[in-house]
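Heads up, the thing below is written out as C-alpha cells.
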Amino acid sequence: MNTKIFQIKLKQEVLRHLKYSLGKDQGHATPYDWRMSLSLALRDIVVDPWFDSTRKTYDSNAKRVYYLSMEFLIGRLIEDVAINLGFEDVARETMREFGQDYDAIVANEPDAALGNGGLGRLAACFLDSLATLGIPAHGYGIRYEHGLFEQHFENGAQVETAEGWLAQRNVWEFERPEVAYIIAFGGHVSETDGRAVWYPAETVKAQAYDAPALGWQARWCNTLRLWSAKPTRAFDLESFNRGDFLAASAPEALARTISRVLYPDDTTDTGKELRLKQEYFFTSASIQDLIRRYRSTNDDLRDLPKKAAIQLNDTHPAIAGPELVRLLTDIHGIEIHESIDIARKCLGYTNHTLLPEALERWPEHLFARILPRHYRIIEIIQDQHLKDTGSDIRIIKDGNVNMGELAFIMATHVNGVSALHTELVKETVFGDLHKVYPKRIINETNGITPRRWLYDCNKPLRNLINSTIGIEWPDDLEQLERLAPYADDAAFQEEFHKAKLENKRRFINWLSDIRDIQIDPNAMLDIQVKRIHEYKRQLMNLIEAVAYWNEIKENPTKDWTPRVKVFGGKAAPGYEVAKKIIHLINDVATVINNDSATKDYLQIVFPENYNVSMAEILMPAADLSEQISTAGKEASGTGNMKFALNGALTIGTLDGANVEIRDHVGAENFFLFGLTAEEVEERRHQPEYSRRAIEASPRLYRVLNQIASGVFSPDEPHRYGSIVQMMYESDYFLVTCDFDDYFDTQRKVDKAYLDTKEWTRKTILNTANMGWFSSDRTIKGYAKDIWGAKSLYER
Ligand SMILES: *Cc1c(COP(=O)(O)O)cnc(C)c1O
C-alpha cells in the first residue's frame with residue numbers, strides 16, 4: 001500500500017480505536033489511551049498475515065514446532081510490530097500529527113518480563129526467528145500475572161516489589177475461553193488389567209491466551225499461547241450462602257496461585273511444590289493442545305512424530321515426556337512401550353547449565369504425591385532404558401526424580417548452547433549418558449534477533465548500515481560482512497563513531513532523568529549488565545574499579561583514560577551473596593563518585609531494574625562489554641552477542657559463546673584474559689589457591705583490605721567482612737586468580753581506547769563479523785538437525 005494512503009488509514013484507525021475501544025475523546029486522551037489505540041490499530045493489521053499463516057499450515061498439514069518454555073522475556077512489542085510491518089515511520093508521523101511524542105507512547109508500554117534472563121530472552125528471540133523464517137510454530141508458556149520482580153535500591157540494598165504488567169489490559173493477547181484443558185494433581189491411580197485410571201485430588205483449568213508472533217516484513221506469523229490457571233468450579237455458592245465467604249472463593253484462590261508469579265531464581269532449583277505444579281500445569285495443557293490439533297486433521301497418533309517437534313527449553317517442561325506417554329496410553333489406548341517410543345521421537349531437550357545447583361531434581365515422595373501416574377510412567381521409562389542400554393544410569397536415584405536424566409533419555413537430541421558448553425556437557429553432567437547414547441548430544445550455539453537487537457534499538461547504526469550496504473541484512477545478517485572493507489575507510493570510521501556517540505548521548509540523557517550525574521560522552525562506557533551471580537564475577541569488575549581508583553589517586557596528573565562503569569542486574573531475592581555484591585557496588589559508587597580528585601576519570605553507575613527495555617538503551621551505547629565469567633560456567637551468554645553486534649569491544653574469558661565470538665571477530669579485536677576452563681579445574685585442586693593469589697598481588701590485597709576495613713561502608717565497617725573472608729578462604733569462582741590478568745588487560749583497553757581511529761576500526765570489524773550470531777542461523781540449525789521442520793513461505 002502507498003505510504004501516504006496508509007498513513008491516512010492508520011490515522012483513521014487510531015481515532016476509531018480511541019473512540020470505540022478506549023471510549024475517549026481526543027481532547028482527553030492520555031499517553032495510555034494513545035498507546036492502546038495505536039497498538040490496536042497495528043494489531044488489526046497483524047491479524048491477516050496471522051490467519052494466512054495458520055491457513056497455510058493447516059492446508060499443507062506441515063510439521064509444526066512446539067517450543068515449550070517456562071519463560072519468555074519479551075519486553076515491549078509496539079515497536080517490534082511496527083518495524084516488522086514496515087510501518088515505523090508511518091506510525092511515528094501519525095502520532096506526530098496528533099501532537100503526540102511517538103517515543104513517549106512506545107515507552108508507555110509495560111515491559112513484559114515473563115522470564116529471569118538469558119534463557120527467557122532466548123525463547124523470545126527464537127519466536128522472532130521462527131516467524132521470520134516461516135516455520136510453523138507455537139510458543140507455549142505461562143501467562144504469569146506478575147512477571148519478574150521490580151528492583152529498587154534502598155540505601156544501596158536491593159528491595160523487590162511485585163511487577164504488575166497485567167494491571168493494564170494486555171493489548172497483544174486474545175483471550176480464548178473456549179480453549180481450556182483440565183489439569184489434575186494428586187490423588188491415586190488404580191491399575192486393573194494393565195489399564196491405569198488416575199483419580200486426582202485436585203483439578204484446575206488451563207485457559208489459553210494467544211498473541212501473534214510476527215516475523216520480519218510480516219511474511220509469516222506464528223502464535224505464542226500462554227496458559228492462565230482458572231478454577232474448574234468458579235465459586236462455591238453453597239458456602240457463600242452459608243455466610244462462609246472465604247471458603248466460597250477457595251477454589252478460585254487455589255487455581256490462581258498456579259499462574260500468579262514467576263519464580264525469580266535463574267540458576268538455583270527452588271524445589272518447591274508450587275513450582276512443580278506450574279511446570280506440569282503448562283506442559284500438560286500444551287501437550288493436550290497439540291494432540292487435539294493433530295487429531296483434528298490426522299487419524300493415527302503413531303504418526304505424531306511426523307507432524308510435531310516438541311522442544312524443551314531446559315528441564316522445566318521435562319514432564320512432557322511422561323505426560324505424552326500418559327495421554328497416548330491412558331486416553332488413546334496405545335500400548336505403553338510404543339507410546340514411549342512415539343514420545344521420544346517428538347522430543348528435543350536444550351541444556352542451559354552445568355551448575356549442579358541448577359539441575360532440577362524433585363524429592364521422590366513429593367513427586368509421587370503430586371503426579372502419581374507420571375511417577376509410575378517414569379519407572380517404566382527407566383526400566384526400558386536400563387534394559388535397552390544395559391547401563392545402570394537411573395532417572396530415580398537417591399530419593400530424587402532427576403529431570404535432567406528424564407529429559408535426556410526421552411529426547412532424540414540433546415543440545416548444548418555453545419561449542420564449549422556442548423563439549424563440557426559431554427564430559428560432565430551427561431558424561432555417562434553420552435557414552436550410552438554417543439550421537440544424541442549436539443550443539444546449537446545461541447543467537448539473538450537482529451531485528452530487536454540492532455535494527456530497532458540502534459537507529460543511528462541501522463541508518464548507516466542501510467546507506468552503506470542496502471537493506472537486505474535484517475533477515476540475512478551475514479551480509480554485514482560487506483561492512484568489513486570499510487573498516488579502514490576514514491570517512492566511514494567517522495560516521496560509525498558518530499553513530500556510537502549519538503547512542504551514548506541517548507544513554508546519558510536517559511540516565512540524567514533518573515540520576516543526578518554528569519557524564520562526558522567521550523568517556524569510555526564500560527558496561528556489565530546481566531543477572532548478578534558469583535560466577536559472572538561482577539565482584540571482580542568492581543575490585544578492578546577500586547584498584548584503578550587507587551592508582552589514579554596516587555598519580556592524579558597522569559593521562560588516565562576516562563571511564564564510566566555501568567552495572568545492571570537483579571539478584572534472586574534469596575541469594576544473599578549476590579545481594580551483598582549489589583550493596584557493595586552501590587557503596588563503592590557513592591564513595592568514588594564523590595571523590596573530586598578522580599571523578600573526571602572514573603564514575604560508577606548502577607541503574608535500578610535492568611530489563612529488556614533498558615538493554616535496548618545500553619547495548620548500542622557501550623564501548624566495552626564485560627563478559628568475564630569463570631571459564632566453564634557461562635553456558636553461552638547472549639548479552640555478549642548484543643554488545644558486539646552493536647559495535648562494543650569485549651573484554652572476556654574463554655567461556656560460552658565468547659570463544660566463538662572471538663573466532664568470528666578476530667583475536668586482535670577482542671580483549672582476552674584469564675584461565676581456561678581446563679586451567680580453572682586444575683587450579684581448584686591446588687591448596688590455598690586464593691590466599692596465594694592475594695598474597696602475590698599487592699593491588700588486590702590492598703583493595704580487599706579497603707573493603708574489609710569499611711572504607712566504603714563507614715556506617716557499618718564490617719558489612720563486607722564475609723565477602724572478603726570468602727575471597728581468602730574459598731573463592732570458588734577464582735576472582736583472585738584471574739584478577740591480575742584482568743587488571744592488566746583493562747590497562748590495554750585504556751590504551752587502545754585513546755586511539756579513536758584504531759578503536760573504531762576494531763568496532764566496525766566486530767559489527768561486520770557478528771552476522772553468524774543471528775538467531776535465524778540458530779533456528780535454521782534446530783530446524784535441520786533436530787526438528788526436521790521446513791519454511792512454508794516462498795520469497
Ligand atoms: C540478553 C539479556 C540477558 C542475558 O544476558 P547475559 O549477559 O547473556 O547473561 C538477561 N537479561 C536481559 C534483560 C537481556 O536482554
Side-chain angles (χ1 to χ4, degrees), residues 69 71-77 80 110-128 147-151 163 165 262 264-267 313-314 352-355 358 417-418 420-421 445-454 456-458 526-538 541 566-572 578 607-622 624-630 633-646 648 650-653 655-661 770 773-775 778:
S69 181
E71 304 190 3
F72 287 91
L73 191 53
I74 298 166
R76 294 181 178 134
L77 281 175
D80 193 66
D111 183 293
L114 309 183
N116 274 287
L119 175 148
R121 186 52 236 175
L122 185 75
C125 283
F126 279 7
L127 282 184
D128 188 276
L148 186 60
F149 66 87
E150 278 178 11
Q151 176 194 56
E163 184 282 337
W165 72 301
L262 167 79
D265 249 313
D266 60 336
T267 47
N313 194 23
D314 212 319
H352 284 272
T353 179
L354 305 170
L355 300 178
V417 289
S418 72
L420 173 67
H421 168 69
T445 299
N446 282 171
I448 55 171
T449 168
R451 273 75 62 184
R452 183 178 291 262
W453 294 114
L454 176 55
D456 193 4
C457 71
N458 192 342
D526 162 353
I527 307 187
Q528 184 172 24
V529 284
K530 46 182 76 246
R531 286 301 284 259
I532 310 294
H533 199 290
E534 288 161 276
Y535 85 79
K536 292 179 184 273
R537 299 199 293 194
Q538 283 92 354
N541 186 352
V566 182
F567 290 87
K570 299 177 185 180
E608 296 166 321
N609 204 39
Y610 177 57
N611 59 13
V612 171
S613 300
M614 193 194 294
E616 288 168 11
I617 297 169
L618 293 179
M619 302 296 168
L624 186 67
S625 160
E626 298 270 355
Q627 308 300 337
I628 60 177
S629 52
T630 314
K633 294 295 166 193
E634 188 73 85
S636 161
T638 49
N640 47 4
M641 301 169 190
K642 298 168 197 164
F643 279 110
L645 179 63
N646 283 280
T650 306
I651 182 166
T653 48
D655 200 15
N658 291 356
V659 178
E660 289 149 271
I661 291 175
M770 281 299 291
F773 295 91
S774 167
S775 45
T778 313

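Computed from heavy atoms alone, side chains included, the values below leave out hydrogens, waters and symmetry copies. Just so you know, ligand 1 is whichever comes first in the structure, and atom 1 is the first atom listed for that ligand. Position 1 is the first residue of the sequence, and the numbers go up from there.
In this structure, Leu645 CG and Trp453 CH2 are separated by 11.0 Å, a value rounded to the nearest 0.5 Å. Note: Lys530 NZ to Tyr610 OH = 8.0 Å, rounded to the nearest 0.5 Å. Here the CZ-CD distance, from Arg537 to Glu626, works out to 11.0 Å after rounding to the nearest 0.5 Å. Rounded to the nearest 0.5 Å, atoms NE2 (His421) and CG (Asp655) are 10.5 Å apart.
Taking distance alone, with nitrogen or oxygen atoms compared against 3.5 Å, Gly637 stays at or beyond that limit from ligand 1. Backbone and side-chain nitrogen or oxygen atoms of Thr638 are examined, and one is located within less than 3.5 angstrom of a nitrogen or oxygen of ligand 1. Residue contacts with ligand 1: Trp453 is placed with no nitrogen or oxygen under 3.5 Å of a nitrogen or oxygen of the ligand (distance criterion only). Checking only distances, Lys530 does come within under 3.5 Å of ligand 1, N or O to N or O. Checked by distance only, ligand 1 and Lys642 come closer than 3.5 Å through their nitrogen or oxygen atoms.
A donor-acceptor contact closer than 3.5 angstrom is absent between the side chains of Asn658 and Gln627. Residues Glu634 and Tyr535 have side chains that bring a donor and an acceptor to within less than 3.5 angstrom of each other. Between the side chains of Thr445 and Glu660, a donor-acceptor pair is found at a separation under 3.5 Å.
Ion pairing between a basic and an acidic side chain is recognised when a charged N comes within 4.0 Å of a carboxylate O; Asp128 and Arg451 show such pairing.
In this structure, atom 5 (O) of ligand 1 lies nearest to the protein heavy atom Gly639 N, 3.7 Å. Regarding atom 9 (O) of ligand 1, its nearest protein heavy-atom neighbour is Lys536 NZ, 2.8 Å.
Residue contacts with ligand 1: Arg531 is excluded, as none of its non-hydrogen atoms falls under 4.0 Å.
Near Gly117, meaning under 4.0 Å from one of its heavy atoms, ligand 1 places the atoms 10 (C), 11 (N). With ligand atoms numbered from 1 in the order given, ligand 1 contributes 3 (C), 4 (C), 10 (C) to contacts under 4.0 Å with heavy atoms of Gly118. For ligand 1 and Tyr610, the ligand atoms under 4.0 Å from any heavy atom of the residue are 11 (N), 12 (C), 13 (C), 14 (C), 15 (O).
Only the backbone of Asn611 comes within contact range of ligand 1, with a heavy atom under 4.0 Å; no side-chain atom does.
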